[in-house]
Amino acid sequence: MNPTMMNSTSTQFVPSRRMGIYEPIHQMSMWGDFKGNNCLDASTPMILEVDPKLDNQSEDTSHGTVGHSNKYDQEASKPPDKVLRRLAQNREAARKSRLRKKAYVQQLESSKLRLIQLEQELGRARQQGMYTGSALDASPLSYAGSMNPGIATFELEYGHWVEEQDRQLADLRNALQSTETGDVELRIFVDGGLRHYCDLFKMKATAAKTDVFYLMSGMWKTSGERFFFWIGGFRPSELLKVLLPHLEPLTEQQRLDLGNLAQSCQQAEDALSQGMDRLHQILGAAIAKQLGEGNYLPQVGAAIEKLDDLARFVGQADHLRQETLQQISRILTTRQAARGLLALGEYFQRLRALSSLWSSRPRESS
Amino acid sequence: MEKIGKVASENGVVIFSKSTCCLCYAVQILFRDLGVQAVVHEIDHDPDGKEIEKALTRLGCNGPVPAVYIGGKLMGSTNEVMSLHLSGSLLQLIRPYQHNLSSHD
């Protein structure tokens, strides 16, 4: 085996806006270990730096004949059929070697993505002081990462988004607790916080184009958050119910405005929910047409057109979330809006913690 | 396009829709819950449907359905209707067309 295969330095990483969050783990090549074993143990993933020259170097190497290369010099004197048989065996061995290498590289790629996600989870957990389980309790990467790079990108970006969210909340908490913070500074926090939510909605819109069912499943969120899920995210009306007690004292006008907002938000939500029910029926009926004939292309083809409608609903739900946040911040004073944003952020942090505490609770031995 | 203008001016609240569009259905439900009997014009059942669709797109409606007219004026699509409702403006606009409101005040 060629030693340069073991120490190559070319790196393949999933592109990320924030490089440097994780350090690649350098390992000796497991290529030799892999010779007789096609399955890479997924519980011990590692990042291997794969040299693209690897392809050419293994082409002509026949495993088992290393150290016997001078045997070929004697081929001319051997009977032709033995020569042909040896050449055929070499070709076969080389072909098998290439297939094994291909499978190995694929395993490495998915292990690498999984490791990146786990490292992100750990980073977040260390920040929050507890172990989060969202990567483990749902294994979203096993669904998304191996099937859809757009979704894998979204999950990575969402991980960054949550980290940034936690940072902003910590800063906001400090600012609110300090007596010296004025409205001008708080305004910056509020605008920044609202913009951060807008960033999330934009990310989701991009992801919806690659896989709208994924967004509907909420698989990038923790299981606790999914319990409260409504068309791709949190319920806007729930938002108001959570925030209201923490915004006191309110003026009468504010109370009135917030009440009207709560009512219109609920009405908009109900309308979208009923539209979704109708979409369920139509989509289900389209798929269920003429079952039993074996051929599914016409029905599935018709159903795919309905998925555009579904993407519009997810977009509409996000628009409703965004508008609700904007309206709330218009009704409130800067300081109230800052307190509201902090309360909202902590609410979601608690939901995330709920999931991880639940999944890491000590199980009773039966 | 004159047909759009005609239908819009002859009726209080008009929703240009498609029978298969569930978002259009959602907007209809919203107006119904607000006590408005909106006129729903399904362009996929209209022989001039394609023309209407092109005209609505030119007018800026993304979708292009649902396209909502109130009092002869184009309000926009679902986004605009939702924004108007959350800001409280939609209720003002539909007041002349509301009748037998549901249980809330």
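First the proteins, then the strands, lettered A, B, ... as listed; each starts at 1.
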What are the two closest non-hydrogen atoms of Arg312(A) and Pro66(B), and how far apart are they? NH2-CD, 3.8 Å

Kindly compute the distance separating CD (Gln316(A)) from OG (Ser77(B)), expressed to the nearest 0.5 Å. 7.0 Å

So which atom in Leu23(B) and which in Asp309(A) form the shortest heavy-atom distance, rounded to 0.1 Å? N-OD2, 4.5 Å

Can you check whether Leu86(B) reaches Thr324(A) side chain to side chain, under 4.5 Å on heavy atoms? yes

List the steps and the verdict of side-chain contact (heavy atoms from CB on, under 4.5 Å) for His85(B) and Gln267(A). CA-CA 9 Å; His85(B) 192 39; Gln267(A) 287 163 337; 2.8 Å; yes

Residue, of Arg278(A), Arg330(A), Glu323(A), that accumulates the most heavy atom pairs under 4.5 Å with chain B: Arg278(A)

Contact part of Cys24(B) toward chain A, heavy-atom cut-off under 4.5 Å: side chain, backbone, both or neither? neither

Could you check whether atom CZ of Arg173(A) has more than 12 heavy atoms from other residues, nucleotides or ligands sitting under 6.0 Å from it? yes

With a 4.5 Å cut-off on heavy-atom pairs, point out which of Asn79(B), Thr78(B), Leu30(B), Leu90(B) contacts chain A the most. Asn79(B)

Report the C-alpha separation of Ser83(B) and His319(A) in whole Å, then their side-chain angles, then the decisive distance to 0.1 Å, and conclude whether the side chain to side chain donor-acceptor pair (under 3.5 Å) test is met. CA-CA 9 Å; Ser83(B) 302; His319(A) 173 80; 3.2 Å; yes

Please tell me if the side chains of Ile29(B) and Asp270(A) come closer than 4.5 Å, counting only heavy atoms from C-beta onward. no

Side chain, backbone, both or neither: which part of Asn260(A) has a non-hydrogen atom closer than 4.5 Å to chain B? neither

Considering non-hydrogen atoms only, spot the tightest contact between Tyr25(B) and Gly275(A) and give its length. CD2-CA, 4.0 Å

Taking the side chain as every heavy atom from C-beta outward, state whether Met276(A) and Cys22(B) have any pair of such atoms under 4.5 Å apart. no

